**Student:** 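Let me begin by handing over the structure; questions about it come next.
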Amino acid sequence: MYRFPWVLFLVAAVNMAVAAEPLRPGFYSETCPPAEFIVRDVMKKAMIREPRSLASVMRLQFHDCFVNVLYKSVQFHDYFVHDFLLKPAFVLIQGCDGSLLLDDTADMVGEKQALSNINSLRSFEVVDEIKEALEDACPSTVSCADILVLAARDAVALSGGPDWEVRLGRKDSLTASQQDSDNIMPSPRADATSLINLFAQFNLSVKDLVALSGSHSIGKARCFSIMFRLYNQSGSGKPDPAIEPEFREKLNQLCPLGVDENVTGPLDATPRVFDNQFFKDLVGGRGFLNSDQTLFTSRRTRPYVRVFSKDQDEFFKAFVEGMLKMGELEVEQPGEIRTNCRVVNGRPVDVLMSY
């Protein structure tokens with residue numbers, strides 16, 4: 001006799017489309033006024049402790065937002081309510097949703113173990129620090145997905161790059177997938193054509209691709225990512241001819257055969273300053289990664305590399321435009337505000353769906 005009300009409740013919940021509130025500036029102005037100040041304050045402390053952490057945190061946004069799958073099966077724990085069993089559901093998952101931050105569980109291998117992320121992405125502890133500070137100030141209010149977007153912006157600004165206003169209001173995903181990340185994230189071996197095609201899937205232009213590649217203005221990368229360029233480009237048994245000879249000698253010294261391939265080298269000549277030196281280096285044949293240098297060797301991307309190498313303001317403007325576009329890759333989907341960015345909140349059932 002008590003089942004009927006529960007059935008109505010569950011049917012309503014399952015069929016309710018999640019009407020996501022539009023992203024907007026100042027989203028937390030009433031619910032958590034100090035949110036943006038808190039994020040930048042923690043980022044400043046992280047920069048003092050380890051300058052490289054700024055570049056590391058900035059890249060988390062790209063690796064989060066580009067994992068884009070329209071339909072994903074979410075295996076909820078079987079849960080009985082008055083003898084009625086809730087079944088696994090299909091939900092819409094896309095874009096900047098904090099899925100990258102989830103740790104693996106017994107029944108989920110997340111994106112941290114993806115080929116482009118494992119032994120590469122770092123500084124997750126900085127995100128943990130930001131989240132802890134925000135939970136102290138405004139419990140269960142600021143999403144981890146928004147933290148990534150804010151922290152990426154602050155990493156650029158604190159490194160001497162542009163500052164900009166971000167639109168907020170994202171929800172955190174309920175799951176993650178290594179396979180989804182493996183299927184979409186580009187390799188350091190990628191050429192310009194494959195990168196152009198990838199970015200086009202997200203309605204990002206060739207200009208966006210080149211500008212966003214300028215995120216490599218700060219930070220380092222591993223020898224692992226360039227060994228083939230130095231010793232066996234395209235299976236030739238020879239180095240990449242696009243590498244400027246003196247720069248290649250430096251790379252050979254940094255990454256000789258047999259080296260620990262986790263040794264790192266700077267992505268441009270000013271790895272702690274966000275500027276247009278990255279593009280100057282590409283023009284001179286001094287790009288560290290194949291996926292970067294190909295932006296100059298390709299006729300479709302070369303004009304933008306030249307423009308950005310000569311005009312830093314134009315690069316900054318295009319970079320901000322690209323970051324805003326990338327940061328808004330999302331659709332309506334079930335979500336929550338995680339209290340810990342590494343784990344989904346401990347609720348028995350999450351069944352809100354969007355079709």
Side-chain angles (χ1 to χ4, degrees), residues 35-36 38-40 42-47 49-68 93-104 110-134 142-159 161 164 166 168 170-173 175-178 180-182 184-186 188 202 204 212-222 225 264 267 271 274 289 319 322-330 335 338 340-343:
E36 295 194 39
I38 289 172
V39 175
R40 183 157 298 197
V42 175
M43 289 293 290
K44 286 179 181 177
K45 293 174 181 176
M47 175 182 68
R49 185 170 64 237
E50 184 190 4
R52 186 185 170 194
S53 64
L54 294 183
S56 301
V57 172
M58 177 181 61
R59 286 195 192 102
L60 296 179
Q61 179 185 339
F62 172 76
H63 286 251
D64 183 49
C65 293
F66 261 47
V67 178
N68 180 314
I93 300 291
Q94 184 177 12
C96 309
D97 59 5
S99 57
L100 173 69
L101 301 174
L102 289 171
D103 285 342
D104 294 353
E111 295 162 31
K112 291 179 180 178
Q113 297 300 310
L115 293 174
S116 61
N117 299 340
I118 191 169
N119 297 324
S120 178
L121 294 186
R122 53 196 298 278
S123 296
F124 291 102
E125 72 282 355
V126 177
V127 179
D128 294 336
E129 292 173 20
I130 294 171
K131 183 59 175 174
E132 183 177 355
L134 287 168
V142 182
S143 70
C144 300
D146 276 346
I147 288 174
L148 287 181
V149 173
L150 286 167
R153 184 270 310 270
D154 292 349
V156 173
L158 291 170
S159 301
W164 64 94
V166 293
L168 304 169
R170 298 163 188 80
K171 290 292 196 297
D172 297 323
S173 71
T175 189
S177 168
Q178 175 188 342
D180 294 341
S181 184
D182 284 340
I184 197 70
M185 294 304 299
F202 302 92
L204 294 170
L212 288 172
S213 296
S215 64
H216 289 171
S217 171
I218 55 175
K220 298 181 178 182
R222 296 180 298 155
S225 299
T264 59
L267 286 165
F274 194 96
L289 299 176
F319 182 81
M323 288 292 281
L324 288 171
K325 291 167 69 173
M326 181 177 67
E328 295 180 18
L329 294 174
E330 65 167 9
R338 289 188 218 133
N340 180 335
C341 291
R342 293 176 179 266
V343 295

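This structure is a prediction, so every number in the text was calculated from the model and none was measured. Any value given below was found using the heavy atoms of this structure, including those in side chains, with hydrogens, waters and symmetry copies removed.
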**Student:** Which pair of non-hydrogen atoms, one from F274 and one from G214, has the smallest distance, and what is that distance?
**Tutor:**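 That would be CE1-O, 3.8 Å.
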
**Student:** Locate the shortest heavy-atom distance separating A151 from M43; write the atom from each residue and the value.
**Tutor:**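 Shortest heavy-atom contact: O-CE, 3.4 Å.
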
**Student:** Among residues at least two apart in sequence or on other chains, which ones pass salt bridge (Lys or Arg N to Asp or Glu O under 4.0 Å) with R59?
**Tutor:** none

**Student:** Return the set of residues passing side chain to side chain contact (heavy atoms under 4.5 Å, CB included) with S53 (not counting sequence neighbours), or none when no residue passes.
**Tutor:** A46, E50, S123, V126

**Student:** Just one of V42, L100, L60 clears the side-chain contact (heavy atoms from CB on, under 4.5 Å) bar with V127, so which one?
**Tutor:** L60

**Student:** Report yes or no: do S56 and R122 form a side-chain donor-acceptor pair below 3.5 Å?
**Tutor:**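 Yes, a side-chain donor-acceptor pair sits under 3.5 Å.
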
**Student:** I need the minimum non-hydrogen distance between V166 and L324, along with the two atoms involved.
**Tutor:**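 So the two residues come closest at CA-CD2, 4.4 Å.
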
**Student:** Going by side chain to side chain contact (heavy atoms under 4.5 Å, CB included), name the residues that satisfy it together with K45, two or more places apart in sequence or in a different chain.
**Tutor:** D41

**Student:** Identify the heavy atoms of K171 and A145 that sit nearest to each other, and give their distance.
**Tutor:** O-CB, 3.8 Å

**Student:** With a 4.5 Å limit on heavy-atom distance, are the side chains of V156 and S217 in contact?
**Tutor:** no

**Student:** Measure across I38 and A133 and return the closest heavy-atom pair with its distance rounded to 0.1 Å.
**Tutor:**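 What the structure gives for the nearest pair is CG2-CB, 3.6 Å.
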
**Student:** In Å, rounded to the nearest 0.5 Å, how long is the span from CD of Q113 to CG of D104?
**Tutor:** 5.0 Å

**Student:** Any heavy-atom pair between the side chains of D97 and D64 that's under 4.5 Å?
**Tutor:**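 In short, these two side chains touch, coming nearer than 4.5 Å.
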
**Student:** Check ring pair (Phe, Tyr, Trp, His ring centres under 6.0 Å) between F62 and all other residues, then give those that pass, not counting sequence neighbours.
**Tutor:**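 If we apply the ring pair (Phe, Tyr, Trp, His ring centres under 6.0 Å) test to F62, skipping adjacent residues, the hits are F66.
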
**Student:** For atom NZ of K220, is the number of surrounding heavy atoms from other residues, nucleotides or ligands below 6.0 Å larger than 12?
**Tutor:**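 At most 12 heavy atoms, drawn from other residues, nucleotides or ligands, come within 6.0 Å of this atom.
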
**Student:** Please list, chain by chain and in numerical order, all residues satisfying salt bridge (Lys or Arg N to Asp or Glu O under 4.0 Å) with R153, sequence neighbours excluded.
**Tutor:**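 With neighbours one apart ignored, the set is E36, D163.
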
**Student:** Going by an N to O cut-off under 4.0 Å, is there a salt bridge joining K112 and D103?
**Tutor:**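 Yes.
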
**Student:** Using every non-hydrogen atom in the two residues, find where R170 and G327 come nearest and quote the distance to one decimal.
**Tutor:** NH2-O, 2.7 Å

**Student:** Going by salt bridge (Lys or Arg N to Asp or Glu O under 4.0 Å), name the residues that satisfy it together with E129, two or more places apart in sequence or in a different chain.
**Tutor:** R49

